[in-house]
Structures are given as structure tokens and as C-alpha cells.
Amino acid sequence: MPAARESLLDAAYTALARRPWSAVRMVDVAAVAGVSRQTLYNEFGSKEGLARALVRREADAYLAGVERALATHSDARERLTATAEWTASAARDNALVRAMLTGCWSERLPSPTLSAVPSSSAVPAQRRADGPLPSPGDFVAMVRDRAVAVLSGPGALRSDTADLARCCELVVRIALSCVAAPPGEGGVADLIRTALPRQAV
């Protein structure tokens, strides 16, 4: 049922763009996706299960974008700049990504608990997304670690992983500050290039 699942998540995301999560009705999500309400409940177990799966999908999409940004250039500084720009852009364009990265969940959004949730539903756990959801600190660590893995891989110039990890974390934290307070002229890229001297990475 992967196609129906994606259709349901797309429908939930579209509904959320139009009205607060508290006003999103399961029957409407199912109708937009072209499935029965029972199919929706079979897939996610509950509205909370749908919310967790939606948040998980947006988190995975954000992290996939990080991977793409890290693969776009051969120069380490440019890879980190692209990652920071992607982070700021994704958070600007997607309220769920912004909430996940900052921990600031507005009343319009679902705010699923970050810890794993017990469930007696027959729906498989991986589909319900009952596992723990990443916190803002988890995202910082995940992006930092992915950047370090790419930049310290074969052909990398840096051998000091601790210094590299600090540089990568700094970039992520600068990007997150740009989410909270968008930069002026020059944008995220100028901030990153200023913060990271050429020899830093």
C-alpha cells in the first residue's frame, strides 16, 4: 500500500497548509486521497499516528536534501554552504521542517511527542512511526555527522575529525540561526563563508 500511504500523507500535508491540524479531519484526508477512512486508520492507527508519520516523512525529506547538498560540490566549504542554504530554505518553505529544527511548534501544527509511543494497534510499527522522532539537537548531530562523513571520506584533505566536526556543527547552528532570524543581503552563504576561513575545512 505504498502508493495509498503517500497519497494519504500528501493529503494530510495539503490539509495542514490550509487549516490548523486540530481542524484537519481524517475523513477529509481519506477523501482527498481517494481511499476509505478505514484504510486511513488501517495505515496509521489514529490521527496521532498520521501526524507522526507525516513528521517522520518531512524529517526524512529534509535529511535527503542534506545528502544532496553535501554531494553538490567538490569543495568542502561549498558543500557546507549548500547544506546551510538548504537548511534555511527547507525551514522557510516547510512549517513542519521549521518546527522540527527549532522545536517551536505552533498551535497550527501537529506536535507529536518526540519519544517513542506505546501502541496496541495491529498496524506495523514502522508504518505508524511509533519510534522516537528527532529533536532539534538530534538534527544538529545528524547533519553534523553526515557532513563529517562526507568531508572526511576518501580523498578528503582534513585528518582532524574533531576540528572538522566543530566546523560542521558551527555551520548547522548558523543555518538554524538564519531560520529564526533570516539574514540580510548576502544571505546564508555570506555568513558561512565569513565564519569558515578557507583553511578551516
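Here the structure is a predicted model, which means the values were calculated and not measured. The chain is numbered in sequence order, starting from 1. Note that these values count all heavy atoms, side chains included, but never hydrogens, waters or copies made by symmetry.
- Between Arg5 and Ala53, the shortest heavy-atom distance links the atoms NH2-CB, 3.7 Å.
- Residue Arg146 places its CZ atom among more than 12 non-hydrogen atoms of other residues, nucleotides or ligands, all under 6.0 Å distant.
- Following chains of ILVMFWY side-chain contacts shorter than 4.5 Å, one can reach Leu63 starting from Tyr13, so the two form part of one hydrophobic cluster.
- Put simply, OG1 on Thr14 and CG on Asp28 are 12.5 Å apart, with the number rounded to the nearest 0.5 Å.
- The CZ atom of Arg77 sits 12.5 Å away from the CG atom of Leu151 when rounded to the nearest 0.5 Å.
- At a threshold of 4.5 Å between side-chain heavy atoms, the hydrophobic network of Ile, Leu, Val, Met, Phe, Trp and Tyr places Leu54 and Leu133 in one connected group.
- Here the OG1 atom belonging to Thr72 is positioned 10.5 Å from the CZ atom belonging to Arg68, to the nearest 0.5 angstrom.
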Can you check side-chain contact (heavy atoms from CB on, under 4.5 Å) on Trp105 and Val55, steps first, answer last?
CA-CA 12 Å; Trp105 295 86; Val55 169; 4.0 Å; yes
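- Between Val29 and Ala12, the closest heavy-atom pair is CG1-N, 4.0 Å.
- Arg37 contributes no side-chain N or O that, together with a main-chain N or O of Met26, makes up a donor-acceptor pair within less than 3.5 Å.
- A donor and an acceptor atom, one from each side chain of Tyr62 and Thr87, are located under 3.5 Å apart.
- Remark: side-chain polar atoms of Ser152 are paired, donor with acceptor, to backbone N or O of Val148 under 3.5 angstrom.
- With values rounded to the nearest 0.5 angstrom, Thr39 atom OG1 is found 8.0 Å from Leu8 atom CG.
- For Val179 against Ala91, the heavy-atom pair with the smallest separation is CG2-CB, 3.5 Å.
- Under the 4.5 Å side-chain contact rule for hydrophobic residues, Phe139 and Val150 share a cluster.
- Atoms CZ and CG, on Arg108 and Leu96 in that order, are 11.0 Å from each other to the nearest 0.5 Å.
- Hydrophobic clustering (side-chain heavy atoms under 4.5 Å, transitive across Ile, Leu, Val, Met, Phe, Trp, Tyr) groups Phe44 together with Leu16.
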CA sep, side-chain torsions, deciding dist, call: Arg56, Met100, side-chain contact (heavy atoms from CB on, under 4.5 Å):
CA-CA 10 Å; Arg56 171 65 66 192; Met100 286 184 283; over 6 Å; no
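- Considering every non-hydrogen atom in both Val188 and Pro183, the closest pair reads N-CG, 3.7 Å.
- By the 4.5 Å heavy-atom criterion applied to side chains, Pro182 and Arg92 are not counted as neighbours.
- Looking only at distances, no side-chain donor or acceptor of Ser89 sits under 3.5 Å from a matching main-chain atom of Trp86.
- The side-chain heavy atoms of Cys178 and Leu191, taken from C-beta on, include a pair separated by under 4.5 Å.
- Side-chain contact annotation: Ser7 with Asp10, donor-acceptor N/O pair under 3.5 Å absent.
- Smallest separation of non-hydrogen atoms from Pro134 and Met142: CB-CE, 3.6 Å.
- Taken to the nearest 0.5 Å, the CG atom of Leu80 stands 11.5 Å off from the CD atom of Glu85.
- Minimum interatomic distance between Val97 and Glu58 (heavy atoms only, all atoms of both residues): CG2-O, 4.1 Å.
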Test log, rule salt bridge (charged side-chain N to carboxylate O under 4.0 Å, His left out), inputs Arg166 and Asp163:
CA-CA 5 Å; Arg166 280 191 289 277; Asp163 282 348; 2.3 Å; yes
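- Clustering ILVMFWY residues whenever any of their side-chain heavy atoms sit less than 4.5 angstrom apart, transitively, puts Leu109 in the very cluster that holds Leu50.
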